[in-house]
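Side chains included, hydrogens not; waters and symmetry mates left out as well; all remaining heavy atoms used.
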Amino acid sequence: MAKRRAIHHRIFEVTATLFVIAVVATLRSVFAPADDETIPNVAAPIGILLQGLQARFPLWSAAIWCSTLFLAGLNAGRYGVKYSLYPAYTLMSIPLLGAVAATITVSGDYLVTSAATILTLLAVKYIVRCIMRTGSYGDLSLSMLCFGALPLVFAPAAVVYAAMPLLVLAVKAKWRDWTVAVVSLAFPLFACCYVSWFRGEEFIAPALRLCESVTEPSGYSFLRTLNPAGLALIGVILTMAFCAVSLIISDRYSLKVKSRAAMRFNALLALLLCGLFFLPSGTATIFALVAVPASILMPLIFVRMGTGFTELLYRLLLLCAAANIAVMGM
């Protein structure tokens, strides 16, 4: 009974933390946005439609982003428990997703960021379920369909078309799996090109426009928005991620074989998404995308490393997040 009460208390604590982060960070970005947070994302086939919708309903768009952030954090925590990703029970993915996605900088393109976050979350869910449970082509295909649709919402993510087949080979080395992944990955862009051709344009016109958008400068630079608290926050997040990756690499008994494969995929995905910051078309939306694999990766340290060290990192994370939000809101 005491153990059950402790679990319920922990669930309430992490859920409340995520709720506070989602609400406070959203309100801060609405009423006191930094200059670089107001930079819109470059054109993408579906992203343009979402930007037009946000122009008509700006406050509702912010509310949708807040709700998306909260639900994404809850689901990320649920996936870790449901698919037995960690050697022990942990829900730390819940607040970690909110901290990475919303406490450093928040894109003012709320609907695009929300849609991109949902697609990334679903893609990670299906690939994790494929690795941990089913091993089916259906889950692998669903994951790649979500990854393939992501650039249609957020143009800089088009690099997944080139990099994702390599990431799949890192966890599903059979050529049949790889073929299913590549075909599913390319299908959303192919469908977009087909619709364009049906409307009288060149068949590859959407693909060419997407390539132009990837190299189009957005004018964003997150370094301009960072203060000492923000730099410290990024340092804590990088430390937690580095410790988690070190556990995966150095301790062969820290995870089961399937869990290790899922963690390896998330680590590579987080590295790939961080690379989007170096594209000229990158915006603050990238933080929301990186938050998904990072929040699934980092809780490993809470079950494999000393409690004192991990609690210190977690409290530093929340402290730096609160300080960064306060400074940016001034």
Roughly how far apart are [X] [atom1] and [Y] [atom2], rounded to 0.5 Å?
{"X": "I118", "Y": "T68", "atom1": "CD1", "atom2": "OG1", "result": "4.5 Å"}
{"X": "T215", "Y": "L210", "atom1": "OG1", "atom2": "CG", "result": "10.0 Å"}
{"X": "T103", "Y": "L318", "atom1": "OG1", "atom2": "CG", "result": "9.0 Å"}
{"X": "C130", "Y": "K125", "atom1": "SG", "atom2": "NZ", "result": "13.5 Å"}
{"X": "L268", "Y": "L166", "atom1": "CG", "atom2": "CG", "result": "10.0 Å"}
{"X": "S29", "Y": "M328", "atom1": "OG", "atom2": "CE", "result": "9.0 Å"}

Which heavy atom of [X] sits nearest to which heavy atom of [Y], and what is that distance?
{"X": "P95", "Y": "T17", "value": "CB-CG2, 4.0 Å"}
{"X": "A229", "Y": "N324", "value": "CB-N, 3.7 Å"}
{"X": "A155", "Y": "A44", "value": "N-CB, 4.0 Å"}
{"X": "L300", "Y": "A244", "value": "CD2-O, 3.8 Å"}
{"X": "I237", "Y": "M298", "value": "O-SD, 3.7 Å"}
{"X": "T117", "Y": "A72", "value": "CG2-CB, 4.3 Å"}

Would you find more than 12 non-hydrogen atoms of other residues, nucleotides or ligands less than 6.0 Å from [X] atom [atom1]?
{"X": "L59", "atom1": "CG", "answer": "no"}
{"X": "R224", "atom1": "CZ", "answer": "yes"}
{"X": "L208", "atom1": "CG", "answer": "yes"}
{"X": "F187", "atom1": "CZ", "answer": "no"}
{"X": "F19", "atom1": "CZ", "answer": "no"}
{"X": "R315", "atom1": "CZ", "answer": "no"}

Quick check against the 3.5 Å criterion: does [X] have a side-chain atom that pairs as donor or acceptor with the backbone of [Y]?
{"X": "N75", "Y": "L71", "value": "yes"}
{"X": "S184", "Y": "A181", "value": "no"}
{"X": "N266", "Y": "L297", "value": "no"}
{"X": "T26", "Y": "V23", "value": "no"}
{"X": "S281", "Y": "V214", "value": "yes"}
{"X": "E37", "Y": "A34", "value": "yes"}
{"X": "D36", "Y": "Y220", "value": "no"}
{"X": "Y86", "Y": "I296", "value": "yes"}
{"X": "R129", "Y": "T134", "value": "no"}
{"X": "T15", "Y": "F12", "value": "no"}

Decide if the gap between the ring center of F203 and the ring center of F190 is smaller than 6.0 angstrom.
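Yes; F190 has its ring centre under 6.0 Å from that of F203.
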Pair F57 and Y110, ring centroids less than 6.0 Å apart:
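No - the distance between ring centres of F57 and Y110 does not fall below the 6.0 Å cut-off.
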Are [X] and [Y] close enough that some pair of their side-chain heavy atoms sits under 4.5 Å apart?
{"X": "L313", "Y": "T239", "answer": "yes"}
{"X": "Y314", "Y": "T310", "answer": "no"}
{"X": "P293", "Y": "L273", "answer": "yes"}
{"X": "D139", "Y": "I127", "answer": "no"}
{"X": "L233", "Y": "L317", "answer": "yes"}
{"X": "E216", "Y": "P280", "answer": "no"}
{"X": "F302", "Y": "M240", "answer": "yes"}
{"X": "W65", "Y": "L111", "answer": "no"}

Applying a strict under-4.5 Å side-chain criterion to I, L, V, M, F, W and Y, I'd like to know whether [X] and [Y] cluster together.
{"X": "V290", "Y": "L122", "result": "no"}
{"X": "I248", "Y": "F242", "result": "no"}
{"X": "L269", "Y": "I249", "result": "yes"}
{"X": "I64", "Y": "L27", "result": "yes"}
{"X": "I325", "Y": "L226", "result": "no"}

With side-chain contact (heavy atoms from CB on, under 4.5 Å) as the criterion, how do I104 and F222 come out once you've worked through the C-alpha distance, each side chain's angles and the decisive distance to 0.1 Å?
CA-CA 9 Å; I104 303 173; F222 75 92; 5.6 Å; no
Can you tell me how the ring of Y83 sits relative to the ring of Y79, calling it parallel under 30°, perpendicular over 60° and tilted otherwise?
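Rings of Y83 and Y79: tilted, 30 to 60°.
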Checking side-chain polar atoms at under 3.5 Å, does T285 have a donor or acceptor matched by the opposite partner on N41?
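Yes, a side-chain donor-acceptor pair sits under 3.5 Å.
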Cationic N near anionic O, under 4.0 Å, R209 to E202:
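Here R209 does not pair with E202 in a salt bridge, since their nearest N and O are not under 4.0 Å apart.
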With side-chain contact (heavy atoms from CB on, under 4.5 Å) as the criterion, how do V106 and R28 come out once you've worked through the C-alpha distance, each side chain's angles and the decisive distance to 0.1 Å?
CA-CA 9 Å; V106 177; R28 196 278 307 161; 4.1 Å; yes
Show the numbers, then the answer: is there a side-chain contact (heavy atoms from CB on, under 4.5 Å) between Y126 and L145?
CA-CA 10 Å; Y126 289 125; L145 283 172; over 6 Å; no
If you apply the rule ring-ring contact (aromatic ring centres under 6.0 Å, His included), what do you find for F287 with F277, and how did you get there?
CA-CA 9 Å; F287 282 108; F277 282 114; 4.8 Å; yes
